[in-house]
Amino acid sequence: MKSLQKIGVVLTIIGLVIFTVLPFIGNYRLDEVTTIAVTKDIHSEAMVEILSPMFGKVYSSNTSFISSFKEYFNTYNEALKDNQEWDKVIWDNYAFPITKAASIGPVVDNPLLYLSLSIGLTILGGLLYILPLYRDEPAGIKNDGIFFSSMMARGWLGMITGTYLILFYIVLYWFPEYITNLVLMVDPISHFLSGGPASQWFLYGFIYSFAILVMGLRMFRKYKGNNYQLIRTTSVMFFQLSFAFILPEILVLFNKPWHDFKNIWPLDYSFFYEYRLDGMINSGALGMFMLILGILLIVVGVPLFTYLYGKRWYCSWVCGCGGLAETLGDPYRQLSDKSVKSWKIERYLIHSVLVFAVVMTGLTITNYFMSFELLGQATDQLHSIYGFAIGSLFAGVVGTGFYPFMGNRVWCRFGCPLAAYLGLVQRFKSRFRITTNGGQCISCGNCSTYCEMGIDVRWYAQRGQNIVRSSCVGCGVCSAVCPRGVLKLENGKEEGRINDMPIIIGNDSVKAKI
Ligand code: SF4
Ligand code: SF4
């Protein structure tokens, strides 16, 4: 390791330590004006009454502030519930906005300084480590020693990284009030882009985008000389930064609904929820454009582009989840399970999620157009279950937190309902396939090892069989790591695309004459 890279590692560790410690520094003080400013008009009076014992007190940590807040807030709500005064119960969760507004620590005074010391140092350290990688070496993908790496082969570094990611996602989804200092750091950027304060989702989008950008640069170094990988990586970096991060914030600046134009239902599972439909319908021509484009993408875009190019057009070139998997997750792609058992679980699981999403959406739309006479608010329960189990737990906690344990495409392979839809089209009606020049295969197994979707590519290559699998995201890494040029990602005529050849014997197989 060059000395510049060693400095990079040290800076990254320092940045991460500061990022981890920041939520625990600073003081908290609440007053009436702040309480009224962050609560809805209908709750202001009650919230002032509930929280008045906290006014003026200085809390030395967020834990003591939040526990005090919850004590007063829950006592009020529980009493109403006991008396069955349901209309007076405050269902909104004010823990995050109140804690954020009550912060009086150093982060509030110098948000950009702390942003530079935490995320900024991590990015700088990452760049110092990444940019010298493979310099003065010939093009060619090097995975030397990967199975001896503590970080990339489920060693202690990998375990710590995975656990850290899992904990971060749990706090982000269910306890954001504990990371208000981190959100305060990005407030100035949020004000600049959207004119409003940052939420935990803005912080997440910020970190997510920079993770893709920095690790995308690592992809440029690692896969130099392979144009497919370079262009594909540029594409996911572009779509994340522009479509998923900057553009939605600019929409908010112009009083339009936050909208990621490239996010397609059923991955974007709330697209047909009442508040989203109302938001789009009430936003004039642009809102109607969002609605019509969203529906066109589902009905025409997905089948057409998948017919022409396979699911790779979305999963490996456009999607944010795929973008993170292909950049931040690339060091873990070899950890995917290649067993037939996994393949079976994958098919049951991913199609079950698709069915769940379709049924939930069908009921939601029907209920919406029947003015909620069909199921009343019952669809809200379904939304909560899906949002918790699939949207947060599966896609977030497991989807990313499990990179160092189960590879980088856990969500895309086992859970994403859009991947299931794209996969059905790819399997049964597409021009995409990976062709194999079986006579050249030396059975080294590189392709299977680095297939992030757990496809046993070698099995197909050995018998000269085209690879037509619904799960293949067309990342092209199997082809890139093959030392014999056996594999080629192609779009061609449908005829002869699926060529089952049961006997292993070069390109021509064996023809039995009876
Ligand atoms: S088969 Fe090849 S292109 Fe398809 S997902 Fe696996 S590595 Fe990527
Ligand atoms: S990487 Fe190439 S040579 Fe090695 S098993 Fe796969 S197809 Fe065969």
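As the structure lists them, so they are numbered: ligands from 1, and atoms in each ligand from 1. We use all heavy atoms of the structure for the numbers below, so side chains are in, but hydrogens, waters and symmetry mates are not. Here, residue 1 is the first one in the sequence, and each next residue gets the next number.
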Can you tell whether the side chains of [X] and [Y] come within less than 4.0 Å, N to carboxylate O?
{"X": "K429", "Y": "E494", "answer": "yes"}
{"X": "E326", "Y": "R333", "answer": "yes"}
{"X": "K262", "Y": "D260", "answer": "yes"}

Neighbour count >12 (heavy atoms, 6.0 Å) for atom OH, Y307: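 More than 12 within 6.0 Å, yes.
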Using a 6.0 Å cut-off, check whether atom CZ of F175 has over 12 heavy atoms from anything other than its own residue. no
Among all the protein's non-hydrogen atoms, which is closest to [atom], and how far away is it?
{"atom": "atom 5 (S) of ligand 1", "value": "V473 N, 3.5 Å"}
{"atom": "atom 6 (Fe) of ligand 1", "value": "C451 SG, 2.3 Å"}
{"atom": "atom 8 (Fe) of ligand 1", "value": "C475 SG, 2.3 Å"}
{"atom": "atom 2 (Fe) of ligand 1", "value": "C478 SG, 2.3 Å"}

Steps toward side chain to side chain donor-acceptor pair (under 3.5 Å) verdict (E490, T435): CA-CA 7 Å; E490 292 187 57; T435 54; 2.5 Å; yes
Distance under 4.0 Å to a non-hydrogen atom of [X]: what atoms of ligand 2 satisfy this?
{"X": "P483", "result": "1 (S)"}
{"X": "C482", "result": "1 (S), 2 (Fe), 3 (S), 7 (S)"}
{"X": "R458", "result": "5 (S)"}
{"X": "A461", "result": "7 (S)"}
{"X": "S443", "result": "5 (S), 8 (Fe)"}
{"X": "G445", "result": "4 (Fe), 5 (S)"}

Gap separating the [atom1] atom of [X] from the [atom2] atom of [Y], nearest 0.5 angstrom:
{"X": "L393", "Y": "Y386", "atom1": "CG", "atom2": "OH", "result": "12.5 Å"}
{"X": "I14", "Y": "T122", "atom1": "CD1", "atom2": "OG1", "result": "10.0 Å"}
{"X": "I18", "Y": "L115", "atom1": "CD1", "atom2": "CG", "result": "11.5 Å"}
{"X": "H259", "Y": "S283", "atom1": "NE2", "atom2": "OG", "result": "10.5 Å"}

Got a sec: is C447 within less than 2.8 Å of atom 6 (Fe) of ligand 1 via an N/O/S atom? no
Numbering as shown, the atoms of ligand 1 that approach [X] to under 4.0 Å (heavy-atom distance):
{"X": "C472", "value": "1 (S), 3 (S), 4 (Fe), 5 (S)"}
{"X": "I434", "value": "1 (S), 2 (Fe), 3 (S), 4 (Fe)"}
{"X": "G476", "value": "3 (S), 8 (Fe)"}
{"X": "M453", "value": "5 (S)"}
{"X": "G474", "value": "3 (S), 4 (Fe)"}

Answer yes or no on whether R347 is positioned over the face of W343, meaning its NZ or CZ is under 6.0 Å from the six-membered ring centre and within 45° of the axis. yes
Measuring from non-hydrogen atoms of I442 to any atom of ligand 2, is the shortest distance under 4.0 Å? yes
Steps toward side chain to side chain donor-acceptor pair (under 3.5 Å) verdict (T379, Y273): CA-CA 9 Å; T379 45; Y273 285 7; over 6 Å; no
Shortest heavy-atom approach to atom 4 (Fe) of ligand 2 - which of S479, C441, C444: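 Among S479, C441, C444, the closest heavy atom to atom 4 (Fe) of ligand 2 belongs to C444.
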The answer for which part of I467 has a heavy atom under 4.0 Å from ligand 1 is neither
Using heavy atoms and a threshold below 4.0 Å, how should the contact between V457 and ligand 1 be classified: side chain, backbone, both, or neither? side chain
